[in-house]
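What follows is a single structure, written as structure tokens, with notes after it.
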Protein chains: 2
Amino acid sequence: MNIGDASTRSGLPPKTIRYYEDIKLILPLRDSNGYRAFRDSDVHKLTFLGRARALGFTIEDCRSLLALWEDKERASADVRQIARDNLKIIEGKISDLIRMRETLSHLVEACAGDHRPDCPILERLGKLDEDTDTGQAADKRKVAG
Amino acid sequence: MNIGDASTRSGLPPKTIRYYEDIKLILPLRDSNGYRAFRDSDVHKLTFLGRARALGFTIEDCRSLLALWEDKERASADVRQIARDNLKIIEGKISDLIRMRETLSHLVEACAGDHRPDCPILERLGKLDEDTDTGQAADKRKVAG
DNA sequence: ATGGGGCTTCCAGTAGCTGGAGGGTCAAGG
DNA sequence: CCTTGACCCTCCAGCTACTGGAAGCCCCAT
């Protein structure tokens, strides 16, 4: 199976598949003409990767999950730990984003949005006195986006 | 004022400040020794930028907002439009992340997390039959993170 | 033989910084 | 006057997870 078919079946773009080979997440065979030759097991892995990525797992998480997936002796606790860590990260991003949404939606509502220059949004961003810093919880964490 | 003080006052790391100068968000003066010389207005802009970034605005948004902030003839509608677009993006990210959290938390709960290899998480990721793709809504949008 | 699509590699760029090397500057202390 | 240490400078590289594009080979149908 060539990369085009593997792409269709796994739902991942060819570019992404080549990238995954590059970083050694998959190791497809090669035909004599140099074309990648995907086995069903490769496609299966790609599908796995697509789903894991869609659930927010990083590439390195995926590498670990894939190894655990292939290890029939694995302990489910290992998998669960990775998933829980990811869940924590996702929850952190959600609360950061919700805080942003709160602030931003209040500001948007407060802004007349007409031809006049008066704008609570800019006032808030430029205010000198108060500490209007909105990023308290976003200290170390990379805020989603 | 040197970059260290500007950093302390604005809350942004020196590296970030240099980067902002690099991409021309700010244009501090220079002392004869080559050190950047920050005016109060520069620090004020940096603070503005820090707050805008904390609210999820992109660098290019920030550039526009800064221009509007300086333009005393601006229409508040222009500011509001940028803020609303950002709000939409944030809301999209939130719903993607909430979908991920849903799926992931169910899976984590379903997983025994012990020494045994049975694991619903891996089963779900590797399943062959059903379309368990979780990323329907995340098509084009870059899912937060 | 020619055309078109698919495949290959490699290079560069995206966003928004961050880390580090290698070196200049400045004020205080000995 | 010299050293020490905290600053500051520039430039290059790297992070995540791809994506776009150029240049060129391969294969099949007409």
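All values reported here derive from a predicted model rather than from experimental measurement. Lettering follows sequence order; numbering is per chain, from 1.
A/Tyr20 comes within contact range of the sugar-phosphate backbone alone, with a heavy-atom separation under 4.0 Å but no base atom that close.
One can place CG of B/Asp61 at 12 Å from P of C/dA15, the figure rounded to the nearest angstrom. When the P atom of C/dA15 is taken as reference, atom NZ of B/Lys93 falls 13 Å away, rounded to whole Å. Rounded to whole Å, the distance from CG on A/Leu25 to P on D/dA17 is 10 Å. Atom CG in A/Asp22 sits about 12 Å away from atom C1' in D/dA17, given to the nearest Å. Going from atom CD of A/Glu21 over to atom P of C/dC10 covers 11 Å, rounded to whole Å. Between B/Phe38 atom CZ and D/dC7 atom C1' the separation is 14 Å, expressed in whole Å. A/Ile26 places its CD1 atom 14 Å from the C1' atom of D/dC18, with the value rounded to the nearest Å. If you take CG of B/Asp31 and C1' of C/dT25, they are 11 Å apart, rounded to a whole angstrom.
A/Arg84 pairs by the side-chain hydrogen bond (donor to acceptor under 3.5 Å, both in side chains) definition with nothing, not counting sequence neighbours. Take B/Glu73 and apply the side-chain hydrogen bond (donor to acceptor under 3.5 Å, both in side chains) test, not counting sequence neighbours, and it matches no residue. When the ring pair (Phe, Tyr, Trp, His ring centres under 6.0 Å) test is applied to B/Tyr35, no partner is found at least two apart in sequence or on another chain. Legend: residues meeting salt bridge (Lys or Arg N to Asp or Glu O under 4.0 Å) with A/Arg18, ordered by chain and number and at least two apart, are absent. Shown here are the salt bridge (Lys or Arg N to Asp or Glu O under 4.0 Å) partners of A/Asp114, two or more places apart in sequence or in another chain: A/Arg116. Take B/Ala110 and apply the side-chain contact (heavy atoms from CB on, under 4.5 Å) test, not counting sequence neighbours, and it matches B/Pro120.
Toward the 5' end of DNA chain C, the nearer of the two residues A/Ala37 and B/Ser32, judged by each one's closest nucleotide, is A/Ala37.
Looking at A/Lys88 and A/Asp85, no side-chain N of the basic residue comes within less than 4.0 Å of a carboxylate O on the acidic one, giving no salt bridge.
Among pairs with a residue in residues 39-49 of chain B, those fulfilling salt bridge (Lys or Arg N to Asp or Glu O under 4.0 Å) read B/Arg9-B/Asp40, B/Arg39-B/Asp42, B/Lys45-B/Glu70, at least two apart in sequence or across chains. Among residue pairs with one or both ends in residues 100-109 of chain A, none qualify as salt bridge (Lys or Arg N to Asp or Glu O under 4.0 Å); sequence neighbours excluded. Contacts classified as salt bridge (Lys or Arg N to Asp or Glu O under 4.0 Å) and involving residues 22-33 of chain B (residues at least two apart or in different chains) are given here: B/Glu21-B/Arg30.
Between the CD1 atom in A/Ile90 and the OG1 atom in B/Thr103 there is a gap of 9.0 Å [rounded to 0.5 Å]. Here CG of B/Asn86 is found 7.5 Å from OG1 of B/Thr58. Values are rounded to the nearest 0.5 Å.
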Review item, nucleotides 19-21 of chain D N/O atoms under 3.5 Å of protein N/O:
| from | atom 1 | to | atom 2 | distance (Å) |
| --- | --- | --- | --- | --- |
| D/dT19 | OP2 | A/Thr16 | OG1 | 2.8 |
| D/dG20 | N7 | A/Lys15 | NZ | 3.0 |
| D/dG20 | O6 | A/Lys15 | NZ | 3.0 |
| D/dG21 | O6 | A/Lys15 | NZ | 2.2 |

So which protein N/O to nucleotides 5-7 of chain C N/O distances come out below 3.5 Å?
| from | atom 1 | to | atom 2 | distance (Å) |
| --- | --- | --- | --- | --- |
| C/dG6 | N2 | A/Tyr35 | OH | 2.8 |
| C/dC7 | OP1 | A/Gly4 | N | 2.9 |

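The phosphate of D/dT16 has neither OP1 nor OP2 within less than 4.0 Å of any side-chain N or O from A/Arg63. Within the structure, every side-chain polar atom (N or O) of B/Asn33 is placed at least 4.0 Å from both OP1 and OP2 of D/dC9. Taking only side-chain nitrogens and oxygens, B/Arg53 comes nearer than 4.0 Å to OP1 or OP2 of C/dC17.
Between its opening and closing five pairs, the helix from C/dA1-D/dT30 to C/dG30-D/dC1 changes axis direction by 30°, a value rounded to 10 degrees.
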